[in-house]
Amino acid sequence: MPWPGDRPCDGQVIEVLVANRLTAPAPLWRVDDWARDWAVEEVFCIESELLNDDRLGRALDAIAPHLQETPDSIGARAIGEFGIDVATMHWDMTSMSLHGAYPADDQDEECPRVGYKRPKDRRFDLKQIQSVWNG
């Protein structure tokens with residue numbers, strides 16, 4: 001059952017991408033094949049052929065201006081929806097920018113990996129380590 005007009009809106013495509021990230025955390029490549037294997041048409045009413053690179057890119061471009069507020073709004077809604085007790089909850093995501101060469105084959109797989117991430121300070125030119133503490 002395809003979406004009316006065969007054109008999913010950006011929000012529906014992002015919803016599918018969230019499901020993709022949760023079930024297949026790999027580069028966004030051949031999402032249409034994943035969608036066929038994971039019954040996306042039956043669950044989200046979006047034909048897998050409509051999830052091509054161009055459509056995914058347009059949906060991501062549409063939400064890009066809202067990336068700063070998105071995690072907070074999702075977290076706040078989850079707290080309200082599921083009645084999460086936040087009296088002792090602390091979320092700290094720290095990113096540390098680094099200078100120099102950090103070859104991937106010289107890094108310990110048990111430790112945070114140095115690489116280009118999504119920096120809080122918008123310094124996309126620097127490699128980083130990101131750590132998350134949730135307690």
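The shortest non-hydrogen separation linking Leu51 to Ala35 is CD1-CB, 3.7 Å. Pro8 approaches Ile46 most closely through the heavy-atom pair CB-CD1, 3.6 Å.
Every residue two or more places apart in sequence or in another chain that forms a salt bridge (Lys or Arg N to Asp or Glu O under 4.0 Å) with Asp54 is listed here: Arg58. Remark: Asn52 pairs with no residue by the side chain to side chain donor-acceptor pair (under 3.5 Å) rule, at least two apart or across chains. With sequence neighbours left out, Asp53 forms a side chain to side chain contact (heavy atoms under 4.5 Å, CB included) with no residue at all. Under the rule for a side chain to side chain donor-acceptor pair (under 3.5 Å), the partners of Trp34 that lie at least two apart in sequence or sit in another chain are Thr23. Taking Ala59 as the reference, Asp10, Val13, Ile14, Arg55 meet the side chain to side chain contact (heavy atoms under 4.5 Å, CB included) condition, with sequence neighbours excluded. Arg21 pairs by the side chain to side chain donor-acceptor pair (under 3.5 Å) definition with nothing, not counting sequence neighbours.
Using a 4.0 Å cut-off between charged nitrogen and carboxylate oxygen, Glu41 and Arg36 do not count as a salt-bridge pair.
Under the 4.5 Å side-chain contact rule for hydrophobic residues, Phe82 and Ile79 share a cluster.
When each of Asn20, Val16, Leu22 is paired with Val18, the side chain to side chain contact (heavy atoms under 4.5 Å, CB included) condition holds for Leu22 and for no other.
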